[in-house]
Amino acid sequence: MLSTWKQTLSASLAGRIRDRFGIEHRPVAEVPPRRSLGDLAFPAPLHLARQLGRPPRKIAEELAEGWELPAGVLALKVEGAGYLNVSLARSAFAARLLAAPPVLPTAPEGAEKIVVEHTNINPNKAAHVGHLRNAVLGDLLVRCLRALGHPVEVQNYIDDTGVQLADVVVAFLDLEPTSLADIKAIPEPFDYVCWDLYARVGRWYEEDPARLELRRKTLHALEAGEGERAQAARLIARRIVGRHLRTMARLGIGYDLLTHESDILGLHFFDHAFGKLQESGAIRLEAEGKNEGCWVMPLAESAEFAGLEDPDKVIVRSDGTVTYVGKDIAYQLWKFGLLGRDFAYRYWMEAGLWETAREGAESPPAFGRAGRVINVIDARQSYLQKIVRAGLEALGHQDAAERSVHFAYEMVSLSAATARQLGMTVAEEEGRSVEMSGRKGIGVKADDLLDRLVEKARDQIAQRHRELGRPELQRLAEQIAAAALRFFMAKATTTRVIVFDLDEALAFEGETGPYLQYSLVRGRNIQRKLAGAGLPAALDEAAVAALPEELWSDDLWELVHLAAGATEAVEKAAATLELSLVARHALELAQRFHALYHHHPVLHEADPGLRAVRQAAFQVAMRALAGLCELLGIEEPERM
RNA sequence: GCAGCCAUAGCUCAACUGGAUAGAGCGCCAGACUACGGAUCUGGAGGUUGGGGGUUCGACUCCUCCUGGCUGCACCA
């Protein structure tokens, strides 16, 4: 809503500059720091000062004189060093805002499909808070893109033929021999059992490195997909993936498709890609040196990879197995519909989603064939993601390479205090944080954290609402816990490491998810009370448009102004992949609302005009906040 | 060694990508009409934006050098 004004006024000002000075200039629009200065600011005179060799204020005055402004603009002023500031007609603006969706679908008609890949947790242990950052960011991105009107397909890649799963198979079959039937019978939480086993098998290898031969043997079995080891792997992966999906469902995170690495192998996707890579000369068989017998992709010629110790990347190992990068190139080609092959698909009934298969359903939905691909993968894998892109380029798919986006975010480490709570000894000089390690079994499990949040929320609600029964208490607590966790992950700038601190994550006050929920609950309560007093719970567009302009105080107007910026915040977040902008905008709205709430009573206001303008401002703000909360995966509780 | 990310209040982080007086939360201190719910709000203390130099009307933001921290550069993913 605000951006529409920015565009029209910017275009209008461009015309004015052309008329007055004969210069082509695209004026940028900003929001002035205080509402008393106006609603939109154009620093164009400052930008033009040098070129014209005149003081900016003088230029501003000349431009202001005779600039014909469109209807809906109330005032134009020259401010500060030479800003052109514009004020908008408030009632009309608020009314229009009320009539439109809080986040506008601004994507062009018939926008191309975007495939977003996220979560991608190895199916060999419980999810931890590091995985949560990935899933929360991925899901937030998906919700933003969908709200803006983009068709999106969400894929969750399951590495069910990799080393990590192989290690847990070894743990079950060799370290602590267990029959398939017994593995099947292990009670939940199965992913917790594997968490400990995975750490144990790591130590077991260290005691006798010869045992690593079991890992190699298992890895081959998984790739071949046959025998007891492969069967055990399928069983384990199945159970763990089920657990992961349940954990994510607690946070409202879901997927359209699970892609199995085993199917990429089983359907010979890589063999197909391998042929193409050979033909194009993108890879070569190394006859000597340390990579003897491997198929490698030479990277030396690309400036992007300048200064690498080893300018070649192994794609096929000397024993004939394929590296992760090789499989990922094939997968990436498939996502764009460039591989020339497709998976079969089947519907996983209990989980309620589609997954890849070797043989499958009659007429599954059309997966893949994306116009753009966004892979949500932590920043440590930037190098590998670059190689995948380089692979597409080497195959002549320049366009697909450019449309392959690596959404890189920084990792989550543990604060020294939290690491100590987990029983680790952390020396003072070791620094502020400790890296998590699935291999060593060090980390905060996602479900443990969620359980603690639920418990805390339940205690607090029970104190406030003694009348509530257990099931309702539980439901509310789960909503609040999910909001706290999702907001905690979403508010952090993606390029910064999160130093995870348990006490901080358990907070419900200040800049938190529950704080946002509290705003929504308060807003809703005003409406309830109004209805109870026989007044309309909500105002319609016409009623707001008819409000006399002078009723709007600057602080109430500021709230409406902020609400109008919601769409722009979401657009910017999706375009730059700095998703914290969504969280910050929602937070700012809530903060402003809470502050006004105390000074602007609605129900207890005798003057009907004042009451209406306050109601209108709050209604507009709550709509925008609710819209942003939906994107953040934060639900509005009945009470809290 | 090469590459990427980071450094802002005691702590955790913002600052519309070069703009107006660098803002929030936590913590600390002092307060809020028997309330549209105190998971809230108001006020206060707290800053040479890691350091030096440069670019210009204007720098937390861009360039350069330096310091300190994290990450990556596997026939692991």
Side-chain angles (χ1 to χ4, degrees), chain A residues 28-34 37 41 43 46-47 49-50 55-56 79-83 120 122 159 162-164 261 290-296 304-310 313-319 321-325 327-328 378-384 408 410-411 413 415 431-433 435 439 457 460-461 464 480 491-493 495-499 501 503-504 507-512 514-515 517-519 521-530 532-533 565 568-569 572 576 578 580-581 584 587-588 591 594-605 614 618 639-640:
Chain A
V28 291
E30 293 168 4
V31 174
R34 289 176 305 281
L37 289 170
L46 292 112
H47 297 149
R50 179 121 70 110
E79 295 277 5
Y83 291 92
N120 301 7
N122 270 303
D159 180 5
V163 176
Q164 295 209 20
E261 188 165 279
K290 74 183 192 74
N291 292 334
E292 184 182 342
C294 298
W295 285 88
V296 301
E304 219 179 358
F305 297 100
L308 282 184
E309 263 175 36
D310 182 352
K313 177 70 197 173
V314 172
I315 303 295
V316 180
R317 304 181 186 106
S318 53
D319 65 0
T321 57
V322 185
T323 61
Y324 159 77
V325 185
K327 286 177 266 195
D328 218 28
D378 80 271
R380 286 177 295 187
Q381 299 197 41
S382 296
Y383 164 68
L384 291 166
E410 277 294 339
M411 58 166 194
S413 63
S415 74
R432 318 201 75 83
S433 67
E435 200 174 334
R439 224 168 273 281
Q460 295 203 15
I461 308 165
R464 283 159 232 238
I480 290 166
K491 75 173 173 181
T493 313
T495 51
R496 274 173 96 118
V497 174
I498 291 182
V499 178
D501 184 81
D503 292 332
E504 204 189 320
F508 288 168
E509 286 163 17
E511 298 177 338
T512 65
Y515 178 90
Q517 291 178 311
Y518 194 51
S519 305
V521 169
R522 277 185 148 174
R524 188 71 61 198
N525 279 343
I526 295 175
Q527 295 195 319
R528 278 204 198 102
K529 298 264 174 166
L530 283 168
E568 215 179 332
K572 198 168 170 188
T576 61
E578 184 44 84
S580 63
L581 290 173
R584 301 230 81 93
L587 184 63
E588 217 178 315
Q591 283 174 336
H594 275 309
L596 293 177
Y597 176 89
H598 289 269
H599 301 299
H600 294 276
V602 179
L603 192 65
H604 303 306
E605 176 56 56
R614 288 170 186 173
F618 290 170
R639 67 196 91 200
M640 60 190 290

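We name chains A, B, ... by the order of the sequence lines, and we start the count at 1 in each one.
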Which of B/U42, B/C70, B/U12 is nearest the side chain of A/Met411? It is B/C70
In B/U17, glycosidic geometry as syn within 90° of 0 or anti otherwise
syn
Return the set of residues passing salt bridge (charged side-chain N to carboxylate O under 4.0 Å, His left out) with A/Glu30 (not counting sequence neighbours), or none when no residue passes.
none
When you compare the side chain of A/Gln460 with that of A/Ile480, does any pair of heavy atoms fall below 4.5 Å?
no
Over all strands shown, is A/Ala492 touching base, sugar-phosphate only, or nothing at heavy-atom distances under 4.0 angstrom?
nothing
How far does the P atom of B/U42 sit from the matching atom of B/C26, given to the nearest Å?
11 Å
If you measure from the C1' atom in B/G46 to the same atom in B/G23, how many Å do you get, rounded?
14 Å
Take A/Asn525 and A/Thr512, find for each the nucleotide of RNA chain B with the closest heavy atom, and name the residue whose nucleotide sits nearer the 5' end.
A/Asn525
Which part of the nucleic acid, if any, lies within reach of A/Gln527 when heavy atoms closer than 4.0 Å are counted: base, sugar-phosphate only, or nothing?
nothing
Closest to the A/Arg496 side chain: B/C75, B/A39, B/C6?
B/C6
Side-chain N or O of A/Arg522 closer than 4.0 Å to phosphate OP1/OP2 of B/A39:
no
A/Ile498 atom CD1 is separated from B/C70 atom P, nearest whole Å, by 18 Å
For A/Lys327, enumerate each residue passing the side-chain hydrogen bond (donor to acceptor under 3.5 Å, both in side chains) test, keeping only those at least two apart in sequence or located in another chain.
A/Glu261
Any idea which of B/U42, B/A77, B/C6 is nearest the A/Glu261 side chain?
B/A77
Among the nucleotides B/C41, B/C6, B/C36, whichever has the atom closest to the side chain of A/Val602 is B/C36
Stems involving RNA chain B, each a run of at least 3 consecutive Watson-Crick or G-U pairs under 3.5 Å
B:1-5 with B:69-73, B:10-13 with B:23-26, B:28-32 with B:40-44, B:50-54 with B:62-66
Per atom distances to the A/Thr323 side chain, the nearest of B/C5, B/U40, B/C75 is B/C75
Counting heavy atoms from C-beta on, name the nucleotide in B/A39, B/A77, B/U40 closest to the side chain of A/Pro514.
B/A39
Between B/G72 and B/A15 - P atom distance, rounded Å:
26 Å
So, using salt bridge (charged side-chain N to carboxylate O under 4.0 Å, His left out) as the criterion, who are the partners of A/Arg522 when residues are at least two apart?
none
Sorted by chain and residue number, the side-chain hydrogen bond (donor to acceptor under 3.5 Å, both in side chains) partners of A/Asn120 (sequence neighbours excluded) come out as A/Glu117
Quick one: is B/C41 close enough that its OP1 or OP2 comes under 4.0 Å of any side-chain N or O from A/His594?
no
Holding to side-chain hydrogen bond (donor to acceptor under 3.5 Å, both in side chains), I want the full list of residues that pass it with A/Arg380, two or more places apart in sequence or in another chain.
A/Asp378, A/Glu435
Centroid-centroid distance, A/His600 to A/Phe618, less than 6.0 Å
no
Quick one: does A/Met640's side chain get under 4.5 Å of A/Phe508's, heavy atoms only?
no
Please pick, from B/C5, B/C13, B/C16, the nucleotide with the shortest atom-to-atom distance to any side-chain atom of A/Thr495.
B/C5
What contact category does A/Leu530 fall into here, base, sugar-phosphate, or nothing, at under 4.0 angstrom with non-hydrogen atoms?
nothing
Is the distance from OP1 or OP2 of B/A77 to the nearest side-chain N or O of A/Tyr324 less than 4.0 Å?
no
To the nearest Å, give me how far apart CG (A/Asp503) and C1' (B/G25) are.
16 Å
NA contact type, A/Ala595, heavy-atom cut-off 4.0 Å: base, sugar-phosphate, or nothing?
sugar-phosphate
For A/Glu588, which residues count as a salt bridge (charged side-chain N to carboxylate O under 4.0 Å, His left out) partner, sequence neighbours excluded?
A/Arg592
Classify A/Glu578 by what it touches in the nucleic acid, base, sugar-phosphate, or nothing, heavy-atom distance under 4.0 Å.
nothing
Candidates B/C75, B/C36, B/A77 - which lies nearest the side chain of A/Cys294
B/C75
Separation of the P atoms in B/G4 and B/A9, to the nearest angstrom:
26 Å
Measuring to OP1 and OP2 of B/C41, would you say a side-chain N or O of A/Tyr515 lies under 4.0 angstrom away?
yes
Rounded to the Å, how far apart are A/Asn291 CG and B/A74 C1'?
10 Å
With syn defined as a glycosidic torsion within 90 degrees of 0 and anti otherwise, which applies to B/C63?
anti
Do A/Arg584 and A/Leu587 have side-chain heavy atoms sitting under 4.5 Å apart?
yes
What's the gap between B/G25 and B/U40 when it is taken at their C1' atoms, as a whole Å value?
14 Å
What interatomic distance, in whole Å, is found between P of B/A45 and the corresponding atom of B/G38?
27 Å
Measuring only the C1' atom in each nucleotide, how far is B/C60 from B/U21? A whole number of Å is fine.
15 Å
Whole angstrom value for the distance that separates C1' of B/A39 from CD of A/Glu509
5 Å
Find the distance A/Arg464:CZ to B/A35:C1' and express it as a whole number of Å.
14 Å
Residues two or more places apart in sequence or in another chain: which of them pass salt bridge (charged side-chain N to carboxylate O under 4.0 Å, His left out) with A/Glu509?
none
Would a 4.5 Å heavy-atom cut-off, applied to side chains only, mark A/Arg439 and A/Gln164 as touching?
yes
Would you indicate what A/Pro32 reaches in the nucleic acid, counting non-hydrogen atoms under 4.0 angstrom: base, sugar-phosphate, or nothing?
base
Counting side-chain heavy atoms from C-beta on, which of B/U40, B/A39, B/A77 comes nearest to A/Asp159?
B/A77
Please figure out whether A/Pro601 or A/Arg584 has its closest RNA chain B nucleotide nearer the 5' end.
A/Arg584
Please tell me if the side chains of A/Ser519 and A/His594 come closer than 4.5 Å, counting only heavy atoms from C-beta onward.
yes
Select one nucleotide: of B/C6, B/G37, B/A20, the one nearest the side-chain heavy atoms of A/Leu37.
B/A20
Filtered N/O pairs between nucleotides 44-46 of chain B and protein, under 3.5 Å:
none

Please measure how far the C1' atom in B/G69 lies from the corresponding atom in B/C6, and state the result in whole Å.
8 Å
Expressed as a whole number of angstroms, how long is the span from A/Leu596:CG to B/U42:P?
9 Å
Rounded to whole angstroms, how far apart are CZ on A/Arg34 and P on B/U21?
8 Å
Quick one: are A/Leu384 and A/Lys313 in side-chain contact, heavy atoms under 4.5 Å?
yes
Which part of the nucleic acid, if any, lies within contact of A/Val314, taking any heavy atom under 4.0 Å across all strands shown: a base, the sugar-phosphate backbone alone, or nothing?
sugar-phosphate
For A/Arg528, answer base if it contacts any base atom (sugar-phosphate contacts may also be present), sugar-phosphate if it contacts only those atoms, and nothing otherwise; contact means non-hydrogen atoms under 4.0 Å.
nothing
Taking atom P of B/G23 as reference, at what distance in whole Å does atom CG of A/Leu587 sit?
17 Å
